Structures are given as C-alpha cells and as structure tokens.
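Naming: A, B, ... by sequence-line order, numbering from 1 per chain. Source: prediction; values computed, not measured. Computation of the quantities below employed the complete heavy-atom set of this structure, encompassing side-chain atoms and omitting hydrogens, waters and symmetry-equivalent molecules.
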Amino acid sequence: MGKPVYQKVRGMHDILPDASHRWEAVEAAYREVVGLYNYREIRNPLLEDTGLFQRSIGDDTDIVGKEMYSFTDAGGDELTLRPEGTAGVVRAYVEHSIAAVEAVTKCYYIGPMFRRERPQKGRYRQFHQAGAEIFGAPPPVVDAEQVVMLAEFLDRIGLGGAVVLFNHLGSGETRRRYRQLLSEHYGARRSELCTDCVRRLETNPLRLLDCKVESCAKMKGDAPKMREILDGADLSLLERFRSLLHAAGVEAREDDRLVRGLDYYTGIVYEVEVEAERGSVVVAGGGRYDDLVAGLGGSETPAAGFAIGLERVLDCLPESPPASVDLFVLVPSPEAEATAASLLLEARRAGLRADLDPRAGSMKAQMKRANKLGSAYVLILGQKELEAGTVAVKDMREGGQVDVDVAAAVKHVLERLGR
RNA sequence: GUGGAUGUAGCUCAGUGGCAGAGCACCGGGUUGUGGUCCCGGGGGUCGUGGGUUCAAAACCCAUCAUCCACCCCA
C-alpha cells in the first residue's frame, strides 16, 4: 500500500460508493415529496458575485464576515463559493424576470454549500443542502405548507416525530425596533455581560437572548419580549401558522429565543429538530424573507423558504446495505465468455442488476464474489452445460440449482424474482 | 477564531523506552466443477507528518496536519 500524496481538504468529504446509495435514497425521497407539492428544480451556479452574499445574507453575519470562500479570479471579478442556496435562487428569480411570467413560483434545489468553519460532527466546510423557495405568496399558508412538506420528507426517510421551533422576527420596522430595545436593555448593564455579549450588542442583539453565561442569562427575564413588540396582524399570523401545523399533525413550539443567522429573514422563522442517539439535532431551518427580492433589485415580492442539512439528516439515519445484485454469471473457462456476455446483456435489458467476476478466477473464487455482492441467482456456464446448451441456475438463498436452456435462463430468473 | 482529546493494518483497537500485535475485513487452500458456517495458510503498517531527546522512540518533548468534543455560529 502506498502512502497518499494528497488528502482531502479539511472539512470536505468523499462520498464513497459504499455510502452513496444512502444519499441517492434521501435525495430521491426529497424530489418525490417536493414534487407532490408542485415544486420544480432550479440549478444555480456554485459561484456567485461576492456582493450578492454580502447584500443578502448581511455584512455583519458570521457567514459573510469570516466563513466565505472568496477570491478574485484572473479577470479581477470578486467571486464566492455559495455558502447557502437562497441568495442564488433569488438572484436568478430577479435576473430572469420570473415574476413577470408567473405570479407564484415554487422551486427546490439540492447541492453543495461552502463555509469555512471549524469542522465537527454535522458541521462541514463543504456540506449539502436540499431547499425549497416560494415567491409571490404571503404568509402564513405557504409557510405552514413548507414546514409540513419538510416534515413529510423527514417522515418518509424514517425521521418521524420532528419538532418545529418557531418564532416571529417582526417585519421591517418592528424588527429594527426590537433589536434596538434589546440593545438598550442589555447595554444598560454592559459591565455584567460576558465578552461575547458585549460584542453582540453591536453585531446581533437578538443573540443576546441565547447566551448561556449565567450573568447574561439572568437578564433575559425582564428583557423586552418579541411578542410585546409584534402588532396584532403579526400575532394573528403566528397563530394561524401554529394552527395550520397543528392540523397537519406537526409538533410545533413557539421559541422566542429562536433567531436566524442570516439577515434576510423577516417574520416567521423556524428550525426543525429530530431526536438522534446523541441528542436532538437541528436538521433544517427556514423562514420568510419578504424584503430580499426587492433588496436585490426586484419588485416587492413576499417569499419564504427553508434548507435541510443533508449530512445532518444522514447522520441520524442508520447504516444500510447497498443494492444487491440480482444475477451473477459464473464463467469457468474462456469458451463460456461469449455466452456469458449475451446472457448478461439480456438480463440487463430486462432490468436486472447483473454482474460477473472480471478476474476470471476459480469457480470457488467467483462464487465467493457472487455471494459478497449479495446476488440472488447465479448462472453457471460450465463445460457440461455448454455442451448441452443449458446453464445451471443456482438459487443462492435456497442453495438449490436447476439446469435450464440457455435461451430460457434469464426468463427463468425473472420469474423466480417475480418480475 | 478559542480551549481540550485523539491519531498504530482497509475497519475497530491493544501495545508507556528494547524484534509492530489482535479481532473483523481481504486473498488463497481444505483433490476431480459451487458461495455463506468451520479449519488451515497468506498479503498488507517507514506506528498521521517533520524535527528533537536517547545506546535505543509507536511510546518522551516540540511543531505541523487531520478527526472528534466544547465555545462561537449554523444545515
């Protein structure tokens, strides 16, 4: 064994053939579920102008401030590997004037995102998200529908019982006012704050509520509450949102500490949590961003979306074996290879996963290979069979085998497999 | 970005200064043409990497890289 000259860059992972089938299954389930809700796929570039992310995610956020893979290309353009999916989707929505063609647009995406963070479990520098966005729809019906869709997806892949934590960030003016009030409340007792919170006063006052340091946490008790700032319309939206989720059987709890790390969120925001062996894991997050389309040059357009962390989802799912082979052909001698090739072709055209051992070793070695691949049936093309124009069909499960005419062998296996 | 733990065979790990190991996996064999169980055998590691201490380093020291945990933040 040689020693590797290169290794994968930090925080990035190879999805090897022994694991990729799990990804395929999760992605297929996602496409299927969002298709039922009439979402269509959008495929955006991985690279965008750096300014797009600065404008949409916000200059003060951690993502823009210190986590982006940005560079100047040979032509002098400032480019960034996308750290999330929404910005690019909104950019495309505006750039292609989609609003002019249809009043409501629903699209989904699946793909890699890049953030230069310190990696750990469930946190990678290249990770994958499956997301969905809707444009041109006011709250709260579509917001609830997106959360239900998300729950349906999780349920389908075996992560039932997800819990939704939601909050209302206030829209536009109320949100700014609330940040101001929080900043004043905590700022008045600045000296008792931890160093992180002193920084938060400036960068993200909403995060002050989430501090776990005791002296800071104590101040939360008499801190102004979002609910006190929200107007009647906001509160009734929240209530309708809640009851729509309830009606769909989705467990949802209001959580006034819930804050999103991206500046474009307005109004209803949420996170989705599932129980895993190591505790509860947030596998998805989303919310409404009613100002973003206009912020990127489009007309005022209500919009909402979410993103699911696929690694986090997969980390919660059990290992599963890859697809096994339906039919394996044993080729004991070169004289049998032509017959083997045509049998394999016939089998594959009939939709069977079929293979042989390209090393052409002993029959025992080839049988071991067939067994390792989990083959249901093995066709044995021995000298005896070749001369008789037959092939031995062995049932690997039962262990028995029968001689069948070469021309009927694949059909025989298809019948036994019930296909 | 900060603090901590870990890095020995493909995988899980034992080995605390004196010849690099186990289990599983992989490959082969157990007479004539047949897998899974069992028995026997085999290949594979410059002990993450680079320095240092020592007669002698997988082990001790320093650095570096990677993974994991906590923080920060987030999917």
Side-chain angles (χ1 to χ4, degrees), chain A residues 1-13 16 18 57 60-67 83-86 110-131 150 194-197 199-200 203-204 206-207 210-213 258-262 270-274 278-279 281-286 305-316 325 328 330-333 336 357 359 361-386 392-401:
Chain A
M1 282 296 132
K3 45 240 162 241
V5 178
Y6 295 108
Q7 55 184 303
K8 55 190 154 47
V9 335
R10 186 174 201 189
M12 310 206 172
H13 296 276
L16 299 175
D18 274 347
I57 299 169
D60 293 334
T61 60
D62 278 14
I63 292 175
V64 172
K66 55 188 191 191
E67 296 175 358
E84 59 98 47
T86 301
I110 300 177
M113 308 294 164
F114 304 84
R115 293 182 199 172
R116 198 182 179 292
E117 296 180 89
R118 183 92 166 240
Q120 53 179 275
K121 194 80 178 165
R123 257 269 268 293
Y124 311 103
R125 290 184 170 187
Q126 175 176 334
F127 60 104
H128 298 78
Q129 289 187 332
L150 194 37
C194 68
T195 53
D196 282 331
C197 281
R199 177 180 50 77
R200 290 184 180 112
T203 58
N204 193 351
L206 296 176
R207 284 274 165 212
D210 209 14
C211 188
K212 290 162 193 82
V213 177
L258 181 66
V259 172
R260 311 254 59 222
L262 290 75
Y270 52 87
E271 287 183 353
V272 179
E273 230 175 49
V274 301
R278 60 181 186 283
V281 178
V282 175
V283 296
F306 63 78
I308 303 165
L310 295 181
E311 280 83 356
R312 289 188 181 182
V313 162
L314 281 157
D315 281 346
C316 293
V325 166
F328 196 90
L330 238 62
V331 189
S333 69
D357 188 340
R359 297 170 304 177
S362 68
M363 283 187 67
K364 178 169 181 164
Q366 293 186 45
M367 280 299 286
K368 285 179 106 162
R369 174 78 182 161
N371 186 61
K372 181 178 169 58
L373 296 181
S375 191
Y377 289 89
V378 172
L379 302 187
I380 302 166
L381 302 182
Q383 198 59 40
K384 216 166 56 188
E385 289 81 0
L386 277 185
V393 181
K394 176 157 184 169
D395 181 330
M396 292 296 274
R397 214 170 196 167
E398 306 297 331
Q401 74 184 55

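- Here the C1' atom of nucleotide rC69(B) and the OH atom of Tyr124(A) are 13 Å apart, to the nearest Å.
- For the pair Gln7(A) CD and rU67(B) P, the interatomic distance rounds to 8 Å; values are reported in whole Å.
- Pair check for rG1(B) finds rC71(B); Watson-Crick or G-U wobble, both atom distances under 3.5 Å.
- Residues Lys121(A) and Ala307(A) both approach RNA chain B. Their nearest nucleotides, taken by heavy-atom distance, put Lys121(A) toward the 5′ side.
- Going from atom CE of Met363(A) over to atom NZ of Lys368(A) covers 14.5 Å, rounded to the nearest 0.5 Å.
- Following rounding to the nearest Å, Asp18(A) (CG) and rC26(B) (C1') show an atom-to-atom distance of 13 Å.
- With a cut-off of 3.5 Å on both pairing distances, the Watson-Crick or G-U wobble partner of rG41(B) is rC27(B).
- Protein atom CZ of Arg125(A) is 12 Å distant from nucleotide atom C1' of rU67(B), rounded to whole Å.
- Base pairing annotation: rU46(B) forms no Watson-Crick or G-U wobble pair, as no partner gives both donor-acceptor distances under 3.5 Å.
- Contact check, Arg10(A) against rU67(B): a side-chain N or O comes under 4.0 Å of OP1 or OP2.
- Distance CZ (Arg116(A)) to C1' (rA75(B)): 19 Å, rounded to an integer number of Å.
- Rounded to whole Å, the C1' atom of rU16(B) lies 15 Å from the corresponding atom of rA56(B).
- Asp62(A) places its CG atom 13 Å from the P atom of rG1(B), with the value rounded to the nearest Å.
- For rA56(B), there is no paired nucleotide, since no Watson-Crick or G-U wobble pair has both relevant distances below 3.5 Å.
- Within the nucleic acid shown, Ala370(A) has no heavy atom closer than 4.0 Å to any nucleic acid atom.
- Across rA59(B) and rU54(B), the matching C1' atoms stand 13 Å from one another, rounded to whole Å.
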B/S/- contact track for nucleotides 27-35 of chain B, protein heavy atom under 4.0 Å: SS-B--BBB

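- Side-chain N or O atoms of Arg115(A) include none that pairs as donor or acceptor with a backbone N or O of Tyr124(A) at under 3.5 Å.
- Pair check for rA20(B) finds none; no Watson-Crick or G-U wobble contact set falls under 3.5 Å.
- Considering CE of Met367(A) and NZ of Lys372(A), their distance stands at 15.5 Å, rounded to 0.5 Å.
- Within the nucleic acid shown, Glu117(A) comes within 4.0 Å of at least one base atom, counting heavy atoms only.
- Side chain of Arg312(A) to main chain of Gly122(A): a donor-acceptor pair is present (N/O by atom type, distance under 3.5 Å, no hydrogens or angles).
- Between the side chain of Arg123(A) and the base of rA75(B) there is no donor-acceptor pair of N/O atoms closer than 3.5 Å.
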Trace of the side-chain contact (heavy atoms from CB on, under 4.5 Å) decision for Val281(A) with Asp315(A): CA-CA 10 Å; Val281(A) 178; Asp315(A) 281 346; over 6 Å; no

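- Between His13(A) and Val282(A), the residue anchored closer to the 5' end of RNA chain B is His13(A), taking for each the nucleotide with the nearest heavy atom.
- In this structure, CD of Glu67(A) is placed 14 Å from P of rC72(B), rounded to the nearest angstrom.
- Under the Watson-Crick or G-U wobble criterion, with both distances below 3.5 Å, rA66(B) is paired with rU6(B).
- With rounding to whole Å, Gln120(A) atom CD is found 6 Å from rC69(B) atom P.
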Step-by-step salt bridge (charged side-chain N to carboxylate O under 4.0 Å, His left out) determination, Arg397(A) to Asp395(A): CA-CA 5 Å; Arg397(A) 214 170 196 167; Asp395(A) 181 330; over 6 Å; no

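- Among the atoms of the strands shown, none is found under 4.0 Å from any heavy atom of Ile63(A).
- Under the 3.5 Å distance criterion, with hydrogens and angles disregarded, no donor-acceptor pair is assigned to the side chains of His13(A) and Gln126(A).
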